[in-house]
Amino acid sequence: MTIRTPDAPTASPLLEWYDRHHRDLPWRVSPPMARRGIKADPYHVWLSEVMLQQTTVQAVKPYFANFLAKWPTVTDLANAPSELVMAAWAGLGYYARARNLKKCAEAVASQHDGIFPDTEEGLKALPGIGDYTAAAVAAIAFNRQAAVMDGNVERVISRLYAIATPLPAAKPLMRQKVALLTPADRPGDFAQAMMDLGATICTPKRPACSLCPFNGSCEALSLHDPEQFPVKATKKEKPIRRGAAFVAVTSDGDILLRRRVESGLLGGMTEIPTTAWTARQDGETSAEAAPFKADWESAGSVTHVFTHFELRLSIFRVAIANRLKIDDGWWEPVTNLEAQALPTIMKKAIAAAIPLAFKTAKG
DNA sequence: GATGCGTGGCC
DNA sequence: TGGCCAAGCAT
């Protein structure tokens with residue numbers, strides 16, 4: 001068996017790989033486009049980066065197109081009603097992103113004349129923009145030599161340097177390595193190349209090292225086990241919470257909806273009335289907690305896995321003749337549910353009680 | 001530094 | 001099939 005000593009990595013082989021193998025993405029100015037003089041639009045870069053936080057490219061594509069069609073500029077987004085923005089974001093998850101997206105657009109429109117700041121520091125001062133997004137927008141939209149580090153880059157760097165310290169403790173060291181590797185020329189392409197490499201070659205399982213532009217300079221490969229990097233801290237067990245949700249429908253085809261409080265889980269989104277979601281399994285999950293007295297019947301249950309707990313929701317249903325006066329909520333035509341800011345768990349719950357409520361109901 | 005915060009696809 | 005993972009941020 002040959003033991004190779006890796007050479008120190010440099011940006012050049014990666015940029016050459018990117019020129020040949022970059023992905024074409026709706027929000028991306030690829031090297032051929034750049035050669036034709038096309039410049040990245042900071043609004044497009046920012047919007048895509050926020051949508052891509054912890055979210056796959058495939059999931060983002062239709063949302064990105066829909067947002068640009070509805071709101072072509074950051075000022076349009078700033079002037080849009082929040083309810084429409086939340087409804088357009090529904091299904092994409094992590095709804096604090098949508099709330100901060102709106103706040104950020106308003107700040108850019110009112111405090112920066114509709115022009116995004118062109119420095120990491122200026123960008124990071126805006127709502128919903130942290131270390132990663134500030135560096136990504138600065139590098140991709142403004143050609144700043146910023147060290148961009150996301151999950152892909154963490155994986156690539158941890159393997160290049162065989163970093164044995166577990167994440168997240170290893171982040172400062174990794175950031176140093178990225179900063180030293182980031183070129184003054186084409187920093188935006190370098191960042192996008194690192195992410196493309198992580199997404200297509202330096203994958204979590206079964207990386208395609210034979211195709212990698214760094215395969216002469218990767219310490220993890222020289223150790224014959226790239227998959228063991230990055231090392232991660234062990235994660236906690238996911239608890240189970242239970243609750244009940246209530247679908248009330250009138251003979252006119254109206255359903256009772258509510259708006260959730262602005263902060264916390266599914267903050268600001270629309271829901272059907274539910275109990276609190278707790279670890280308990282007793283009366284809290286029964287029809288006793290319904291929004292009004294009626295002959296509630298069971299409509300089965302749905303399970304939904306959130307980031308930090310699993311929810312088992314018992315569904316109850318009732319048909320009533322006329323709308324009741326409800327303090328906290330409103331009656332919405334079932335035919336208009338697609339236009340509501342309903343998170344996926346709520347669509348599942350409604351679909352359990354009204355199977356034809358959504359054309360593409362899941363669960 | 002640890003925790004809360006969605007969803008869908010993959011093997 | 002269920003655990004893992006995806007271009008993280010705020011507190």
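Below, chains carry the letters A, B, ... as their sequence lines are ordered, and counting in each starts from 1.
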Measure from the side chain of [X], starting at C-beta and using heavy atoms only, and say which of [options] lies closest.
X       : options                 : value
R155(A) : dG8(C), dA6(C), dA10(C) : dA6(C)
Q54(A)  : dG8(C), dG4(B), dC5(C)  : dG8(C)
F306(A) : dA6(C), dG8(C), dG6(B)  : dG6(B)

Tell me whether the OP1 or OP2 atom of [N] has a side-chain N or O from [X] closer than 4.0 Å.
X       : N      : answer
Y95(A)  : dT7(B) : yes
H308(A) : dC5(B) : yes
H304(A) : dG6(B) : no
K235(A) : dC5(C) : yes

When you measure only distances, ignoring hydrogens and angles, does the side chain of [X] come within 3.5 Å of the base of [N] through a donor and an acceptor?
X       : N      : answer
Y132(A) : dG8(C) : no
T307(A) : dG6(B) : yes
T344(A) : dG8(B) : no

Could you tell me how far dC9(C) sits from dG8(B) if I compare only their P atoms? Round to whole Å. 22 Å
Is the ring pair W331(A)/F292(A) parallel, tilted or perpendicular, if the boundaries are 30 and 60 degrees? tilted
Which is true for W27(A) with a 4.0 Å heavy-atom rule: it touches a base, it touches only sugar-phosphate, or it touches nothing? base
